[in-house]
Asker: 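Take a look at the following structure, please.
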Amino acid sequence: MPQLNLVLLGPPGAGKGTQALRLSDDFGLQYIGTGDMLREAVSNGSELGKSAREYIQGGKLVPDELICKMIIERLEEGDPDAGFILDGFPRTQPQAEALNRELEHLGRSLTATLLFDVDEAEVLTRLSGRRVCVKSGHNYHVKYNKPKHEGRCDLDGSRLVQREDDQEDKVRTRLEEYREKTEPLIGYYEEKGLLRKIDAGRSADEVRDQIRATLAMARLEEQV
Ligand code: ADP
Ligand code: AMP
């Protein structure tokens with residue numbers, strides 16, 4: 001069976017991280033989430049974290065050189081025999097081109113880019129209600145995905161907090177960054193014949209079902 005190598009594309013709050021976790025469980029894929037990697041670098045106080053911190057807190061994209069270096073290292077040290085899910089990368093045209101070059105270098109290729117299509121009002125509701133575990137970063141939502149005990153993580157009982165960049169003014173900046181720099185990648189992947197649109201406005205279970213059906217189709221087409 002050919003490898004599943006996926007890119008998840010869509011605005012912040014579209015549900016990419018939520019589905020990435022399910023996909024990596026369902027298909028045994030390596031999860032590569034740039035937001036998580038950067039937040040970890042910030043909390044470790046590494047050089048990368050120090051350079052990236054202000055951008056993240058302000059809702060701006062981190063410069064391409066930093067992020068590309070981080071991803072290239074991650075892909076090179078990852079398991080070459082297991083597929084991967086890229087969540088939050090690429091987010092600019094130069095990042096998409098760098099990914100292309102790196103995959104060619106590694107002799108790998110993308111199976112599909114899944115576009116999480118969801119309207120802005122829904123994204124705002126999802127981001128304003130998102131809460132994350134201070135320890136593991138695991139995601140919840142105050143209405144759509146409640147923890148068993150209010151304000152506490154189901155996995156380890158740690159405190160749940162709102163991400164600093166989920167505050168309203170930061171969200172506005174993040175959506176502007178998305179529209180200006182990331183949205184053009186829709187055309188880029190469409191031209192390559194890799195884009196698959198997912199109706200991400202539905203419930204998390206429905207979105208998962210649509211992704212599974214879409215991937216089954218993509219694999220069938222690959223075999224033809
Ligand atoms: P992204 O990784 O795209 O930024 P997340 O997966 O973190 O988005 O989801 C954003 C918020 O929306 C989280 O609080 C999550 O629990 C919630 N969420 C995710 N998918 C859905 C869905 N299909 N319906 C309702 N809420 C969702
Ligand atoms: P996320 O968790 O995916 O919402 O990402 C959180 C923040 O990390 C973003 O607002 C950016 O500041 C930064 N970030 C994550 N991925 C990238 C990327 N591919 N390029 C630039 N900045 C990124």
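Indexing begins at 1, ligand by ligand and atom by atom, following the structure's order. All residue numbers refer to positions in the sequence shown, counting from 1.
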Asker: Starting from atom 14 (O) of ligand 1, which protein heavy atom do you reach first, and at what distance in Å?
Answerer: Tyr140 O, 2.8 Å
Asker: Considering non-hydrogen atoms of the protein only, which is the closest contact for atom 7 (C) of ligand 2, and what is the distance?
Answerer: Ile56 CG2, 4.1 Å
Asker: Looking at CG of Asn139 and CZ of Arg163, how far apart are the two atoms once the value is rounded to the nearest 0.5 Å?
Answerer: 7.5 Å
Asker: Counting each atom of ligand 1 from 1 as listed, which ones have a heavy atom of Arg202 under 4.0 Å away?
Answerer: 22 (C), 23 (N), 24 (N)
Asker: So Glu177 and Lys181, salt bridge (Lys or Arg N to Asp or Glu O under 4.0 Å) or not? Walk me through it.
Answerer: CA-CA 6 Å; Glu177 290 278 83; Lys181 297 174 184 159; 2.9 Å; yes
Asker: Just verifying a value: how many Å separate Asp154 CG and Tyr140 OH, rounded to the nearest 0.5 Å?
Answerer: 4.0 Å
Asker: By number and element, which atoms of ligand 1 are closer than 4.0 Å to a non-hydrogen atom of Ala14?
Answerer: 3 (O), 8 (O)
Asker: Val62 to ligand 2: N or O pair under 3.5 Å?
Answerer: yes
Asker: Heavy-atom pairs closer than 4.0 Å: do any link ligand 1 to the side chain of Gln19, the backbone, both, or neither?
Answerer: neither
Asker: Hey, is CZ on Arg202 packed in by over 12 heavy atoms from elsewhere, all under 6.0 Å?
Answerer: yes
Asker: Pick whichever of Lys181, Arg91, Glu177 has a heavy atom sitting closest to atom 9 (C) of ligand 2.
Answerer: Arg91
Asker: Should the heavy atoms of other residues, nucleotides or ligands under 6.0 Å from CD of Glu40 be counted, would the total exceed 12?
Answerer: no
Asker: As an exercise, state the distance from CG of Asn100 to NZ of Lys192, rounded to the nearest 0.5 Å.
Answerer: 4.0 Å
Asker: What residue and heavy atom of the protein are closest to atom 12 (O) of ligand 1, and at what distance?
Answerer: Arg126 CB, 3.4 Å
Asker: Return the residue, atom name and 0.1 Å-rounded distance of the protein heavy atom closest to atom 26 (N) of ligand 1.
Answerer: Tyr144 CD1, 3.2 Å
Asker: State whether a side-chain donor-acceptor pair under 3.5 Å links Glu206 with Gln210.
Answerer: no
Asker: What is the nearest protein non-hydrogen atom to atom 4 (O) of ligand 1, stated with its residue, atom name and distance?
Answerer: Gly13 N, 2.8 Å
Asker: Out of curiosity, Thr113 OG1 to Tyr188 OH, how far, rounded to the nearest 0.5 Å?
Answerer: 9.0 Å
Asker: Looking only at heavy atoms, is any part of Phe116 under 4.0 Å from ligand 1, and if so is it the side chain, the backbone, or both, or is it neither?
Answerer: neither
Asker: Minimum heavy-atom separation for Asp79 to Arg108, with atom names?
Answerer: O-NH1, 3.8 Å
Asker: Taking 4.0 angstrom as the limit and counting only heavy atoms of Gly17, give me the atoms of ligand 1 inside it, by number and element.
Answerer: 1 (P), 2 (O), 6 (O)
Asker: In Å, rounded to the nearest 0.5 Å, how long is the span from CD1 of Ile198 to CG of Leu8?
Answerer: 9.5 Å
Asker: Just which atoms of ligand 2 are under 4.0 Å from any heavy atom in Lys60?
Answerer: 11 (C), 12 (O)
Asker: With heavy atoms of Ile67 as the reference, note each atom of ligand 2 found under 4.0 Å away.
Answerer: 17 (C), 18 (C), 19 (N), 20 (N), 23 (C)
Asker: For atom 8 (O) of ligand 1, find the nearest protein heavy atom and state the residue, atom name and distance (0.1 Å precision).
Answerer: Gly15 N, 3.1 Å
Asker: Suppose I only count heavy atoms of Ala204 and a 4.0 Å limit; which atoms of ligand 1 are within that range?
Answerer: 22 (C), 23 (N)
Asker: Considering the heavy atoms of Arg163, write down every atom of ligand 2 situated less than 4.0 Å from one of them.
Answerer: 1 (P), 2 (O), 4 (O), 6 (C)
Asker: Which of the atoms in ligand 2, numbered in the order shown and given with their element, are less than 4.0 Å from a heavy-atom of Gln95?
Answerer: 18 (C), 19 (N), 20 (N), 21 (C)
Asker: Quick one: which of Arg130, Glu206, Arg22 has a heavy atom closest to atom 13 (C) of ligand 1?
Answerer: Arg130
Asker: Going by the atom numbers of ligand 2, which of them fall below 4.0 Å from some non-hydrogen atom of Gly88?
Answerer: 16 (N), 17 (C), 18 (C), 19 (N)
Asker: Salt bridge between Asp166 and Arg131, side-chain N to carboxylate O under 4.0 Å?
Answerer: no
Asker: If you measure every N or O of Lys16 against every N or O of ligand 1, does any of those distances drop under 3.5 Å?
Answerer: yes
Asker: For Leu38, take its heavy atoms, then give the atoms of ligand 2 lying under 4.0 Å from any of them.
Answerer: 8 (O), 13 (C), 14 (N), 15 (C), 23 (C)
Asker: I want to know if ligand 1 touches Glu122 in the polar sense, i.e. an N/O pair below 3.5 angstrom.
Answerer: no
Asker: Side chain, backbone, both or neither: which part of Ser203 has a heavy atom under 4.0 Å from ligand 1?
Answerer: backbone
Asker: In this structure, does ligand 2 have an atom that sits under 4.0 Å from one of the heavy atoms of Lys16?
Answerer: no
Asker: Does CZ belonging to Arg159 count more than 12 external heavy atoms closer than 6.0 Å?
Answerer: no
Asker: For Thr18, which part has a heavy atom under 4.0 Å from ligand 1: side chain, backbone, both, or neither?
Answerer: both
Asker: If you count the non-hydrogen atoms of other residues, nucleotides and ligands that lie under 6.0 Å from OH in Tyr55, is the total more than 12?
Answerer: no
Asker: Tell me yes or no: between the side chains of Asp156 and Ser158, is some donor less than 3.5 Å from an acceptor?
Answerer: yes
Asker: Identify, by atom number and element, the atoms of ligand 1 in contact range of Asn145, meaning under 4.0 Å from any of its heavy atoms.
Answerer: 16 (O)
Asker: Quick one: which of Ile32, Val7, Leu4 gives a side-chain contact (heavy atoms from CB on, under 4.5 Å) with Phe84?
Answerer: Ile32
Asker: Check if Arg39 has a non-hydrogen atom at a distance under 4.0 Å from any atom of ligand 2.
Answerer: yes
Asker: I need the Arg208 CZ to Asp25 CG distance, nearest 0.5 Å.
Answerer: 7.5 Å
